[in-house]
Amino acid sequence: MPPTRSPATPVRRAGALPARWRARYRLVPWWLKVTVIWLASRLVTTTLVLILASVQGQNAWTTAKPGYSAFATMWDGLWYNIVGVGGYPQVLPVTVDGHIGENAWAFMPGYPAVVRLLTVLTGAPWAPVAVFVSVLCSLGTALLFYRLMRRVQPQSMALFSVLLFCVAPLSPLLQFGYAESMHLLLLTLALLLVLERRYLALVPVIAVMALTRPSGLAFALFLALHVGYRWYSRARDPFPVREAVTASSVAVFSGVMGLAWPGVAWLVTGSITAYTDTELAWRSAYIGYQELVPFAAWFQSGVWWLGAPLGIVAVIALIVAFALAMFSPAVKSLGVDLRLWVLSYALYLLAVFFPQSSVFRLLMPMFPLLGALARPRNIVYRVVVTLVLILGQWGWLLLCWGVDGADWTPP
């Protein structure tokens, strides 16, 4: 005869944690949970980076088998170093055929200014300080991202969203000498402030963010759409006139900041197209020197990669797939504001960016979409997705970061 169980004895599901462990876990503060996730992810990513560095051959930036900080400041990391140490050229470089060549004006001053200040204060070399700034900003981003996701998700999903952010295929950039980590910190803070309706507090954040990575125009569009939606839905979500004027003014300010850096380049060099000509120099290796025509670059890239008409069809299919995804239940669960940001940034990229291997990096500001990927609670799903993203890190490092001869897949 099977043993009887007292009615007071709780039934524990197979695989469930003991009640006392769950109770202790609930007492752990959210910031400590996020920090543990961040630390574990950095250990994984650092291990992958060191493995690749150990087999890296001599290249234009480092000797063979470089140390971590040297390996983490390759590629555009050198440009940020040039900006931090030498500033920007007053005379634009010109190629042998009379076009503006690649130069430092393509790299905004926010991140190199912070790194430069710390090198002056500490006397430490550029490379480790650049890595330190990125690592510190990545921790701040993880903490703020949790707060952002908690506005639209329960705790377990918000924590898993943070994990996905920390192990995403491009998460090595969070600890490299690039401006992305600092920009994501500022962007996450800005999005959180919008969701909290703290519009005036956005002003200094937007000012620095727009001078760290090109984002002022995309954020201005987002704020304009946000204001429009709030006005449309004011019957159920009151939108006082004073608040509407404040939010609209901040949107205009963001647009001005989006044009500020091209204006500075014009002021210093005397060329009104100094910034755009500099940016166009990077795509000349693919399609030659052409004028900037809004919304043409993706189709030009499609034809370059796949030929016509397949390349054009592929771009149109990608746009349709993105539009459908924005209305999927998982993405809609993120709320209107975060979807408006993703849409605004996607439109900005569609208008000005020429897709090549750097497109993966340029997609990083759309990271709130990770919250949609975090919705399923099934433990097998979560483990598989996490492992797939970690494998994606290794794939991205091999494809875009490691240098193998004449490399044509820059990060």
Side-chain angles (χ1 to χ4, degrees), residues 59-61 73-113 115-116 126 177-180 183 209-218 220 255-305 345 347-362 365 400 403 406-411:
N59 56 81
W61 297 276
T73 50
M74 298 194 310
W75 297 99
D76 288 350
L78 177 60
W79 281 111
Y80 287 116
N81 190 357
I82 291 171
V83 170
V85 175
Y88 297 92
Q90 293 184 344
V91 178
L92 295 172
V94 179
T95 64
V96 292
D97 51 358
H99 296 286
I100 302 301
E102 298 176 0
N103 65 86
W105 283 107
F107 301 90
M108 293 181 166
Y111 172 73
V115 178
R116 175 61 175 170
W126 174 274
Y178 270 51
E180 267 66 22
H183 176 247
M209 180 174 70
L211 294 176
T212 300
R213 287 286 304 157
S215 54
L217 295 178
V256 171
M257 288 305 304
L259 298 173
W261 188 241
V264 171
W266 175 18
L267 182 66
V268 173
T269 65
S271 171
I272 191 172
T273 58
Y275 177 72
T276 53
D277 287 344
T278 297
E279 289 286 3
L280 291 172
W282 261 266
R283 70 180 66 171
S284 64
Y286 299 88
I287 58 173
Y289 289 91
Q290 299 188 24
E291 295 293 327
L292 177 62
V293 179
F295 298 102
W298 280 74
F299 295 98
Q300 292 170 336
S301 176
V303 171
W304 190 87
W305 287 100
Y345 186 73
L347 285 172
Y348 172 76
L349 287 187
L350 184 64
V352 302
F353 181 65
F354 179 87
Q356 23 83 9
S357 54
S358 294
V359 70
F360 305 115
R361 176 170 57 89
L362 271 292
C400 295
V403 184
D407 200 300
W408 56 281
T409 56

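Quick caveat: nothing in here was measured; it's all calculated off a predicted structure.
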What closest approach, in Å, do [X] and [Y] show between heavy atoms, and which atom pair accounts for it?
X	Y	answer
A104	W79	N-CZ3, 3.4 Å
M108	R213	SD-C, 3.5 Å
A281	G101	CB-C, 3.8 Å
L292	T276	CD2-CG2, 4.2 Å
N103	P89	OD1-CG, 4.2 Å
P411	Y178	CG-OH, 3.4 Å

Checklist entry - What pairs with F354 under ring-ring contact (aromatic ring centres under 6.0 Å, His included), at least two apart in sequence or on another chain? => result Y286
Rounded to the nearest 0.5 Å, what's the gap from [atom1] on [X] to [atom2] on [Y]? Could you check?
X	Y	atom1	atom2	result
Q290	Q300	CD	CD	4.5 Å
L347	L217	CG	CG	12.5 Å
T212	Y111	OG1	OH	11.0 Å
Y345	S215	OH	OG	8.0 Å
L92	I100	CG	CD1	4.5 Å
L211	M257	CG	CE	4.0 Å

Heavy-atom check, side chain of [X] versus side chain of [Y], under 4.5 Å:
X	Y	answer
P214	Y348	yes
L349	L362	yes
W61	W75	yes

Next on the checklist: Can you confirm if the aromatic rings of W105 and Y88 lie within a centre distance of less than 6.0 Å?
Outcome noted: yes
Are the side chain of [X] and the backbone N or O of [Y] linked by a donor-acceptor pair below 3.5 Å?
X	Y	value
S301	A297	no
T95	H99	yes
W126	R116	no
W282	E102	no

Checklist outcome for this item: By side-chain hydrogen bond (donor to acceptor under 3.5 Å, both in side chains), S358 pairs with (sequence neighbours left out) Q356
Next on the checklist: What verdict does the side chain to side chain contact (heavy atoms under 4.5 Å, CB included) test give for V359 and W298, after you've listed the backbone C-alpha separation in whole Å, the side-chain angles of each residue and the deciding distance to 0.1 Å?
Outcome noted: CA-CA 11 Å; V359 70; W298 280 74; 4.0 Å; yes
